[in-house]
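In each ligand, atom 1 is the first atom listed, and ligand 1 is the first ligand listed. These figures come from a predicted structure and were not determined experimentally.
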Amino acid sequence: MSETVLLVGGGGREHAIARALDDSPERAEFDLYACAGNRNPGIARLVDGFEALDTSDTDAVVAYAADVGASLAVIGPEKPLAEGVVDALEEAGVYAFGPKQADARIEVDKSFQREFMAENDVPGCPDFAVFEDMDAACEYIDEYDGDLAVKPAGLTGGKGVRVTGDQITKEEAKEYLRESDYEKVVLEERLVGEEFTIQAFVANGDVLITPAVQDHKRAYEGDEGPNTGGMGSYSDAGFQLPFMTELDSFEAMEIMKATVAGLDDYRGILYGQFMLTADGVKVVEFNARFGDPEAMNTLPVLETDFFEVVRAARDGDRLPELDFANKATVCKYAVPEGYPTDPKAGAKVQVDEDSAGDALLFYASVDERDDGIYTTTSRSFAVVGVADTIAEAEEIAEDALAVAGEEGLHMRHDIGTAELVQQRIDHVASLRDE
Ligand code: AMP
Ligand code: GLY
């Protein structure tokens with residue numbers, strides 16, 4: 001049967017997915033289409049057709065899927081998942097790789113996420129309480145002995161969480177809640193440690209783990225500044241990060257498996273964000289999709305055919321075993337100057353896939369005009385080095401950023417450097433001594 005694959009989403013993550021699909025040994029056997037709110041030039045060049053549409057509008061996605069005769073869809077971002085695009089496509093006879101709306105709540109509703117963990121005895125859940133009344137939430141903050149993470153229950157693009165004792169004081173946390181129009185918030189124990197991400201391919205009873213990645217959420221070097229969607233990330237050869245043991249990976253994997261077991265019929269990518277603490281591995285959050293940037297670390301080293309994996313998922317088959325190149329990766333995002341608080345759009349992007357040298361270039365929220373590619377107000381593009389060591393991968397990424405220049409752009413040059421990696425190792429060593 002000839003196949004038509006529809007990719008939904010237009011960020012750096014989806015460019016990485018498009019490239020993984022395009023690299024399939026079976027690429028000649030299927031057509032590839034994509035739709036997204038922005039015309040991602042990297043994706044547009046790889047596909048047989050590209051449609052600009054609002055991917056949160058499930059009717060529009062279903063109509064485009066019918067238009068191109070999609071036999072399979074891959075959903076990148078969380079918003080369409082939250083809107084039930086998988087359910088809507090299935091009703092229209094198109095299998096989509098991604099969780100249905102009910103299961104996507106593991107990301108979309110942070111109160112559901114914690115209550116689910118508590119009810120299903122999923123290990124690694126911090127103390128938490130859920131509030132709809134902001135005055136009651138403020139009282140809880142006053143009475144709570146220790147620091148807290150304040151989390152709006154709904155989606156905020158990774159930018160809604162505030163942590164007391166880290167970014168803000170308890171007084172500022174209360175002010176944040178009182179001034180907000182949040183309908184529901186989760187207050188939870190502040191976890192202290194090192195964060196890491198593990199993503200898994202899930203379908204038909206299989207939960208297949210991919211190598212651990214560490215993202216950098218803060219806007220500025222040295223982990224200063226506001227939270228962002230993620231400024232860059234690295235992974236090591238093998239499955240662990242340099243500060244992790246195999247046991248840490250194992251604990252995280254058990255948590256992922258317990259989560260999938262407790263959900264109805266989860267399929268797609270399950271993203272676990274963990275904190276390695278003095279008391280072991282705890283869950284910061286789950287996402288119902290690949291991470292962005294983490295997908296750009298994981299997919300370039302995936303040697304198994306991504307298309308074969310999603311087709312097996314659709315056909316109800318066991319997923320093929322996943323093989324990964326034994327390589328380290330470093331991904332660095334270039335974002336518009338002033339991002340995320342006061343981003344300035346309109347800088348011309350000076351690097352392209354040819355001039356990026358040994359690095360892979362993934363476009364995100366850019367605007368392609370007749371005379372070139374320009375930044376918008378969201379993350380612009382990412383460069384990824386893949387090499388035997390993190391240090392070599394970091395150098396490759398930096399060489400590509402040097403081609404891009406800094407005009408109108410901001411990037412974190414510290415991501416993946418030996419100094420930062422050593423800091424993480426020392427941090428975890430000090431936690432284990434506690
Ligand atoms: P989230 O949107 O849930 O990924 O949260 C954004 C960031 O807030 C995470 O990457 C963590 O750095 C931080 N965070 C979330 N929950 C906690 C917690 N319980 N303790 C400490 N930091 C947290
Ligand atoms: N890298 C964080 C996220 O994708 O949510």
For residues 380-390, dump all side-chain donor-acceptor pairs below 3.5 Å to protein atoms at least two apart in sequence or in another chain.
from : atom 1 : to   : atom 2 : distance (Å)
D388 : OD1    : K327 : NZ     : 2.8
T389 : OG1    : E392 : N      : 3.1
T389 : OG1    : E392 : OE2    : 2.8

Self-check item: Taking every non-hydrogen atom, the tightest pair across V47 and A34
Solution: CG1-CB, 4.0 Å
Exercise. Check ligand 1 against L191 and write out every atom of the ligand that is under 4.0 Å from a heavy-atom position of the residue.
Key: 18 (C), 19 (N), 20 (N), 21 (C)
Quiz prompt | For A149, the ligand 1 atoms whose distance to one of its heavy atoms is below 4.0 Å | solution = 16 (N), 17 (C), 18 (C), 19 (N)
Quiz item: Atom CZ in R13, atom OG1 in T298: separation rounded to 0.5 Å?
Solution: 12.0 Å
Exercise. Record the part of T197 in heavy-atom contact with ligand 2 below 4.0 Å; permitted values are side chain, backbone, both and neither.
Key: neither
Quiz item: At a 4.0 Å threshold, what atoms of ligand 2 neighbour a non-hydrogen atom of Y271?
Solution: 1 (N), 2 (C), 3 (C)
Self-check item: Qualifying residue, where the test is side chain to side chain contact (heavy atoms under 4.5 Å, CB included) with V310 and the options are V74, V5, I17
Solution: V74
Quiz item: For ligand 2, which atoms have a heavy atom of K217 less than 4.0 angstrom away?
Solution: 2 (C)
Practice problem: Kindly determine whether Y140 and F131 satisfy ring-ring contact (aromatic ring centres under 6.0 Å, His included), including the steps that lead there. | Solution: CA-CA 9 Å; Y140 184 85; F131 294 92; 5.2 Å; yes
Quiz item: At a 4.0 Å threshold, what atoms of ligand 2 neighbour a non-hydrogen atom of P293?
Solution: 1 (N)
Quiz item: Heavy-atom contacts under 4.0 Å between V161 and ligand 1: side chain, backbone, both, or neither?
Solution: side chain
Quiz item: Can you tell me if CD on E172 sees more than 12 non-hydrogen neighbours from other groups inside 6.0 Å?
Solution: yes
Quiz item: Quick one: does K282 get within less than 4.0 Å of ligand 1, heavy atoms only?
Solution: no
Exercise. Pick one of side chain, backbone, both or neither for how Q273 approaches ligand 1, counting any non-hydrogen atom pair under 4.0 Å.
Key: side chain
Self-check item: Y33 and E51: CA distance, side-chain angles, deciding distance, side-chain hydrogen bond (donor to acceptor under 3.5 Å, both in side chains) verdict
Solution: CA-CA 8 Å; Y33 289 85; E51 181 83 357; over 6 Å; no
Practice problem: Output the list of atoms in ligand 2 that are nearer than 4.0 Å to some heavy atom of G291, sorted by atom number. | Solution: 4 (O)
Self-check item: Shortest heavy-atom approach to atom 5 (O) of ligand 2 - which of E78, R289, H216, E107
Solution: R289
Quiz item: Are R424 and F243 in a cation-pi setup, meaning NZ or CZ lies under 6.0 angstrom from the ring centre and within 45 degrees of the ring axis?
Solution: no
Quiz item: ligand 2 versus E294, non-hydrogen atoms closer than 4.0 Å: side chain, backbone, both, neither?
Solution: side chain
Quiz item: Parallel, tilted or perpendicular: which describes the rings of Y220 and H410, with under 30° parallel and over 60° perpendicular?
Solution: perpendicular
Quiz item: Can you list the atoms of ligand 1 that are under 4.0 Å from a heavy atom of K110?
Solution: 1 (P), 2 (O), 3 (O)
Quiz item: What atoms in ligand 2 come closer than 4.0 Å to a heavy atom of G229?
Solution: 1 (N), 2 (C)
Quiz item: Can you list the ligand 1 atoms lying under 4.0 Å from a non-hydrogen atom of K151?
Solution: 3 (O), 15 (C), 16 (N)
Quiz prompt | NZ or CZ of R379 within 45° of Y339 ring axis and under 6.0 Å | solution = no
Quiz item: Using heavy atoms and a threshold below 4.0 Å, how should the contact between Q273 and ligand 2 be classified: side chain, backbone, both, or neither?
Solution: neither
Practice problem: Considering the heavy atoms of E195, write down every atom of ligand 1 situated less than 4.0 Å from one of them. | Solution: 9 (C), 10 (O), 11 (C), 12 (O)
Quiz item: Is it the case that R314 places NZ or CZ above or below the six-membered ring of Y95, under 6.0 angstrom from the centre and within 45 degrees of the axis?
Solution: no
Quiz prompt | R190: numbered ligand 1 atoms lying under 4.0 Å from its heavy atoms | solution = 20 (N), 21 (C)
Quiz prompt | Of the listed options V186, T228, N227, closest to atom 7 (C) of ligand 1 (non-hydrogen atoms) | solution = N227
Quiz item: Taking N or O atoms only and a 3.5 Å limit, does D215 qualify as a polar contact for ligand 2?
Solution: yes
Exercise. Show the numbers, then the answer: is there a salt bridge (charged side-chain N to carboxylate O under 4.0 Å, His left out) between E285 and K151?
Key: CA-CA 11 Å; E285 67 164 347; K151 302 176 146 187; 5.9 Å; no
